[in-house]
Amino acid sequence: MSALTFTASQEAAIDDVDSTLQLIACAGSGKTQVLAQRIARILAQPGVRPGNVIAFTFTEKAAAELKERVHSVVRSEIGEATGLAEMFIGTMHGYCLDLLQTYVPETFKYGVLTDITQQLLIDRESRRSGLTTCTKMVQGVETPLKRYLDTRTYRTALSVLQEDDVDFSRVRDVVIESLGSYRELLDYRKYFDYTSMMVDAVEFLKRVQQQDDLTSSERVLRDHVRDEVRYVIVDEYQDVNPIQERLVERLVHYGANLCVVGDDDQTIYQWRGSEVSNIITFANRYADVRTIELAENFRSSKGVVELGRTVAQRLNSSERLSKKMLYASHQEWHRGDLLALQFGDVHEEAEWIAQRILDLQGMPFVDKPGAAPRGLSWSDCAVLFRSVKDADAVVDELKRRKIPFIIKGLARLFDAAEIQACVGLFEYMMGEISASDLRARWDLAALIPDASRWAKLIAVLDDGADFGKSDRWGTYNIQRLYLKALEALGLREETVPGDARRRELVMYQLGKFSQAISDFEAIHFSSAPDRKYEAFVKFLQFQAPGVYEESDEDAGYVQPDAVVISTVHRAKGLQWPAVFIPFLRQGRFPMRGMGGVQVIPHIIAEDAVANGARYKGGISDETRLFYVAVTRAQKYLYVSYAPGEKRGQGKASEFYLHCTASSWMSTSDEGLPDAERLEPTPKLETPNIAISFSELKYLFDCPYQFKLRFMYGFNPPIHEALGYGKGLHDALAEMHKRALAGDVPSSDEAEALVDRHLHTPYAYPALREQLHRAAVEAIDRYFDRHGGDLTLTIHSEKQISVDIAPGVSVSGRIDLIKSLETDETAIVDFKSTARSQDEDVTRDQLAIYALGYEELSGASADRIQILNLDDQGKSTNDPVDPSLIAGIKQKVASVADDIRANHFVCMHDHSADGAFDDLVGLMPTGAGAGKS
DNA sequence: AATGACGTTTTTTTT
DNA sequence: AAACGTCATT
């Protein structure tokens, strides 16, 4: 596709920016490139601005890729374009959250619950969350849901109830009441979960579109959707669920152009609510739909394409759109490229796979038509499983042969010896294990750099377990205790025993543990200390092991050259020259139906949900999954099966048998052809690097701290005043936004503004009051000094994004852009703590803001101000300096190179730097020591 | 038709 | 910090 020649249907899809479009894109059809071209075509029209376009993707990763492609097409076809950051390319969740936090002031302060924090919240407040008031019907008997045990099912029930098309008259009253009390709890604790951010956004859009008595911000949103949203594009449309479809309908309500892209044969998330009928009946539901089929497969050899086609044909023609998939790539099929093999047991199977991976090394492979062949390497091979739990034999064999691999989708963090050592810290504190047990665990993990420090560690733990020493619950901060424990041991990257690789791996694990603490403490921060630590240990023992994935080398920006072991689900959208699909055993793939309590029918009756049966899954869903697996292969495809020991594990899967019946497949291995081997060279993929303002600040300050925080995942302890700065920010944002809408707030609203925006969930009552008073004073002061300028607001909270170099972008928000009485334009950044910072860094930050404004508007700002909201704080007002701006580009680009090279050196003398309190114990002690 | 062993997935979504 | 449905076997 580098030559940028398109097929007739691709051309049609790119050119038609006016019809309601339905693109049926088969596997490997170059859909992302087509979308990028189409978006560029849209932007090239007179009168169209980037802000008129919304493109939804399924994942953040897909969004980053599409964004990068759009930018590169725009650069080459239109040249410089401004305001590209105004175009939304991202997930629907991201869009909804953004919408709420831009237009609904009451929600500015809301935080977002992840799966884990949501589960923790539901369990902690098991009654108020509706968990234990909800019941399940098992064989006609109604029993209440149980704390911890049924939480998972309850969470799914909550999302089905809210995201699907539900007939509530068929839902039992207790279930509806539980949902109500969960929603109240979320509201009370000021949280969104992944469901409520969608539901609330759709509700809000609906109200704005149907009612007349609107507030100023509601009017702004209505006008925005009516006048600004002109093109809506939805990728992976086959995986859209009912609430997402409702969102799309709302956005095109005033006639915006809609283009959906998908392949019904690749619907693999039905168990999560994906509704295939959205794509199948699309042409009936929208008027004047033009359907274009992107049938050419540019990815795979003829053999793979033909096999894929026959797999898809196993589906009932009534449940799929009739379509073709045509071989159109340069990959040639040779007899023996596709094998279906049977082995005596799983070990033989694993041995063969490992051997074939070795044999493939250096095999010539051509990535693109006309390109020079390269030798295949580890990362060109993938082993795909229905469930990655079946991967043990393959994993062992690859380890044995020292073949590098990364495994995705296995929650194994808590199997690691390092993590068990960390868990031990808290088990010791709670008296569950003895000091010598603890010592044994740390010895097992080979993690004690200096045995003389052991007594220090014990002292820290004993002190931490003394719950009588203070009445302030905030004293018993788990994260701080963890960091203190590591410090007591003297455990830092430089002191971890072993080589550099092991040191890095251990730091990743310890960082992940820090993340687990943050998750727990976000919910349990204000519990009585002894009960909190007790609950934490239970969390570590029972819940956490099933949740956290082991960190691998994939965590950073550096792509390792390693064999990929993955589930089929995670492989969607990816491709490899060689794909293995082992373990094709009856009952595994296709996976046999599941027992146990299910949301449908045990909590919600099947007939209460439109097409509720889809959550159960069936043979069609498994077939589509197998179709996805097969079509990942570019050339070599090896499916295999081996019987297991136990009964019921002896038979081959019907998918395996299907493959053996294909004339493109061989059922015996005749060896690879005698091609001359080349030097194995992994496909070079420069990862896109997207950094936010705040991350950049850390990078400039101290690259090693950046690595600790954002790559290893270490989190600072929760501060009790957390939320104060954000509250001020949000109050100011509302003031400026209302001013923009012509609804200028007056100084007597200060108190109300603070009430609405200040949320300090971790503060004890006295602190909370104190923060409240301080906030009201700060807002009063702002009205006093700047109230008259409110009408001069140009933008509030403006999202900006700067492409520094190809593949490197920096994004963030500018607090305020306003015009001055002097007729100059100023960029304003609010500061709310008097924390002193390196003068240099602040100037860098200012330069980024200036750059961002230029990118946004095409014009340059005149002044940059830092406005300190504190009473005594220092503010600044500087000119925009062109030489500074040129310098910053250079600086960011070099920082990006460091990220790509995994090079995060710290030049600081941390002992002299107050800003690094939190993680100072993990900083290298040697670095910068020579500095005065 | 009744019994008992067996296994119990998949995973995205925010700063 | 459990109990259920499914499937193979009899």
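Residue numbering restarts at 1 for every chain, and letters A, B, ... go by the order of the sequence lines.
Which of C:dC4, B:dT13, B:dT10 sits closest to the side chain of A:Val138 comes down to C:dC4. The listed nucleotides are B:dT9, C:dA2, B:dT14; the one nearest the side chain of A:Met591 is B:dT9. Among C:dA2, B:dT13, B:dT8, the nucleotide with an atom closest to any side-chain atom of A:Arg588 is B:dT8.
OP1 or OP2 of B:dT14 lies within a sub-4.0 Å distance of a side-chain N or O belonging to A:Thr91. For A:Lys146 and C:dA3, the shortest distance from a side-chain N or O to OP1 or OP2 is below 4.0 Å. Distances shorter than 4.0 Å separate some side-chain N or O of A:Arg570 from OP1 or OP2 on B:dT11. An OP1 or OP2 oxygen of C:dG5 is reached within less than 4.0 angstrom by a side-chain nitrogen or oxygen of A:Gln139. In this model, the phosphate group of B:dT11 is approached by a side-chain N or O of A:Thr567 to a distance below 4.0 Å at OP1 or OP2. Listed pair A:His602 / C:dA3 fails the phosphate criterion, with no side-chain N or O lying under 4.0 Å from OP1 or OP2.
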Evaluate A:Tyr698 against A:Ile691 for side-chain contact (heavy atoms from CB on, under 4.5 Å), listing each step before the verdict. CA-CA 11 Å; A:Tyr698 284 105; A:Ile691 335 175; over 6 Å; no
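The aromatic ring of A:Trp271 is stacked on the base of B:dT10, with the two ring centres less than 5.5 Å apart and the planes inclined by under 30°.
Mapping A:Thr143 and A:Phe539 onto DNA chain C by nearest heavy atom places A:Phe539 at the nucleotide closer to the 5' end. Judged by closest nucleotide on DNA chain B, A:Arg592 is the one of A:Arg592 and A:Val568 placed further toward the 5' end. Take the nearest nucleotide of DNA chain B for A:Arg813 and for A:Ser387: the residue whose nucleotide is more 5' is A:Ser387.
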Would you write the dot-bracket representation of DNA chain B, where each base gets (, ), [, ], | or . depending on whether it forms a Watson-Crick or G-U pair under 3.5 Å and with which partner? ||||||||.......
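At the heavy-atom level, A:Glu549 lies nowhere under 4.0 Å from the strands shown. Contact annotation for A:Gln244: no contact, since no heavy-atom pair falls under 4.0 Å across all strands. Within the 4.0 angstrom heavy-atom criterion, no nucleotide atom of any strand lies near A:Gln541.
Atom C1' of B:dT9 sits at a distance of 15 Å from the matching atom of C:dT6, rounded to the whole Å.
Side-chain contact check for A:Glu65 and A:Thr32: no donor-acceptor pair (N or O, by modelled atom type) lies under 3.5 Å.
At a non-hydrogen distance threshold of 4.0 Å, A:Val112, A:Thr114, A:Asp115 from residues 99-115 of chain A come into contact with DNA chain B.
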